[in-house]
Amino acid sequence: MNIEQTARRLRSREISAVELARESLKTIQAEQPRLNAFITVTEETALDQARRADDDLAKGIDRGPLQGIPYALKDLFDTAGIRTTGGTKIFTDRVPAADCTVYEKLQAAGAVLMGKTGLHELAYGITNNNPHFGAVRNPHDPSRIPGGSSGGSGAAVAAGMVAFALGSDTGGSIRIPAAYCGCTGHKPTYGIVSRYGCMALGNSLDHMGPLTDTPRDAALVMDAIAGYDSRDDSSIPTPAGDFWRDNFSLRGVRTGIPENFFTERLAPEVAAAFHAALDRAKSAGAELKPIRVPDPEALNVIGRVILMSEVSALMEPYAHRRDEFGPDVIALIDQGRLLPATDYVNAQRLRRRWQREWAKVWKDIDILLTPTAPIVAPKIGQATVSLGEHEEDARLATTRLVRSINVLGLPAVSIPLPVSGLPIGLQIIGPPFADNLVLSAAGCLA
Amino acid sequence: MTDWKILASLRCPDIPADAVARIAPSLDALEQTFRPLAATLTPTDESAVTFSNLQERAE
């Protein structure tokens with residue numbers, strides 16, 4: 001389901017918002033037993049909002065391209081009166097009293113909420129094998145993970161249940177499900193989409209953003225959800241409606257191709273798809289520039305120290321309820337509780353140093369291309385993956401190429417590459433606030 | 001090298017010993033990669049997270 005095309009159908013009265021919502025509900029009903037993408041389906045809310053969208057359109061009130069479009073929110077975006085669980089037993093019955101900023105903005109844009117999608121518990125993991133709400137499954141092969149932690153959002157978009165979904169990305173959690181499920185996922189520059197009213201995982205690493213069919217659609221969602229919010233201390237003023245460059249071309253775009261780290265230890269099918277993408281970029285006029293980037297492996301380590309410390313600080317009041325957490329999540333919370341405060345502070349100091357080093361990278365290139373993940377979606381329950389002679393933890397392999405970008409707060413989008421087997425993602429990274437550049441470049445490569 | 005078992009018994013006695021034993025290898029690996037990085041820090045290295053009064057001014 002594509003936002004641009006659907007918005008045109010709505011405005012030509014080819015279909016109504018209520019009919020669209022009913023179609024979406026029908027697809028959700030059909031796919032939910034296979035994929036378990038949703039924790040809560042908000043049928044009444046959806047039909048109410050769809051009726052309002054139709055009424056407004058009939059009165060000539062046009063709220064923009066998202067009006068009447070069915071979408072879903074990861075179940076950590078607070079929705080007043082609608083249960084928001086964070087995918088954890090601890091908050092199974094939590095019903096927020098107020099909406100998060102993003103949901104307020106999407107209501108103002110006239111979009112139609114179909115439900116709340118499944119996630120890895122607390123968004124703290126990438127499998128979405130959730131012990132409390134069941135495993136979310138990959139639409140391309142239900143024996144495999146959808147990637148996470150926004151796996152329900154990725155599965156819902158890829159299976160055509162909704163036109164777009166919102167996710168959060170703390171160490172790759174939007175881009176990974178986009179890559180494994182075969183859709184577009186955009187992690188915005190840190191601070192341009194409000195985190196207010198979203199259940200935090202790692203405050204200084206959390207980014208909210210869209211999963212969509214196309215990069216153009218991601219830009220349309222960004223137009224609606226971005227903007228300064230005084231209730232979010234990390235919020236930064238950004239120009240509204242500036243996430244897409246019409247008639248953009250890759251001609252002359254200095255396109256960095258990493259010589260180190262991002263092209264190491266790739267599954268053969270990922271390496272082949274990535275190199276084919278580089279050929280397409282070159283054919284489209286991009287100026288390919290091999291480049292060595294400041295050690296992302298170190299950034300991954302720094303990111304893990306920051307994340308574990310921040311999560312454990314947040315979850316400290318609940319840590320004594322050990323048996324209510326999944327075993328993987330309580331193990332991570334335990335680890336964070338044992339890290340000294342000096343490690344956290346030093347990790348934030350190292351982060352600032354790496355940020356300065358990476359700022360130099362953008363003097364030589366405009367965008368950086370990497371695979372999103374070095375592997376295709378693992379099987380549910382698969383603990384390790386073989387990469388040549390290396391045996392690697394499947395979770396660490398999955399986050400290896402994306403986590404560092406959260407530490408830097410850079411905009412990055414994952415788009416599906418044209419492959420015949422399981423989906424493979426291409427990651428396009430840019431300097432801070434170049435969200436419109438990475439999205440427009442993604443549009444040329446999609 | 002940190003003795004995670006002793007540390008946990010002092011700081012987080014609610015974490016069972018068998019749970020500490022399971023996470024110790026991960027913490028060891030993290031410590032081995034993180035400490036050499038931290039050792040390169042100098043007094044002029046500021047934190048990425050700094051206190052600011054800008055929010056107060058905005059309000």
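Note that this is a predicted model, so its numbers are computed, not measured. Below, chains carry the letters A, B, ... as their sequence lines are ordered, and counting in each starts from 1.
Heavy-atom pairs under 4.5 Å with chain B were tallied for A:Val305, A:Ile306, A:Ile330; the largest tally goes to A:Val305. Interface check for chain A: of the options B:Leu7, B:Val20, B:Thr40, the most heavy-atom pairs under 4.5 Å are formed by B:Thr40. Of the listed residues A:Ala319, A:Ala347, A:Ser204, the one with more heavy-atom pairs under 4.5 angstrom with chain B than any other is A:Ala347. Your options are B:Thr50, B:Leu41, B:Leu27, and the one with the most heavy-atom pairs under 4.5 Å with chain A is B:Leu41.
Residue B:Arg11 places its CZ atom among more than 12 non-hydrogen atoms of other residues, nucleotides or ligands, all under 6.0 Å distant. When the shell of 6.0 Å around CD of B:Glu46 is examined, it contains 12 or fewer heavy atoms from other residues, nucleotides or ligands. More than 12 heavy atoms of other shown residues, nucleotides or ligands fall within 6.0 angstrom of atom CG in B:Asp3.
No donor-acceptor distance shorter than 3.5 angstrom exists from the side chain of A:Arg265 to the backbone of A:Glu392, with no hydrogens or angles considered.
For A:Asp343, the parts lying under 4.5 angstrom from a heavy atom of chain B are both the backbone and the side chain. Looking at A:Leu339, both its backbone and its side chain come within 4.5 Å of chain B, counting heavy atoms on both sides. At a 4.5 Å heavy-atom cutoff, A:Gln355 makes no contact with chain B through either its backbone or its side chain. Proximity to chain B (any heavy atom under 4.5 Å) is restricted, for A:Arg322, to the side chain, taken from C-beta onward. Residue contact with chain B, scored on non-hydrogen atoms closer than 4.5 Å, is absent for A:Pro327. Looking at B:Ala8, the atoms closer than 4.5 Å to chain A (heavy atoms on both sides) sit in the backbone and in the side chain alike.
Ion pairing between A:Lys105 and A:Asp229 fails under the 4.0 Å rule for side-chain N and carboxylate O.
Using a 3.5 Å distance cut-off with no hydrogens or angles, the side chains of A:Thr88 and A:His132 do not pair a donor with an acceptor. Residues A:Asn346 and A:Arg349 bring a donor and an acceptor atom of their side chains to less than 3.5 Å of each other.
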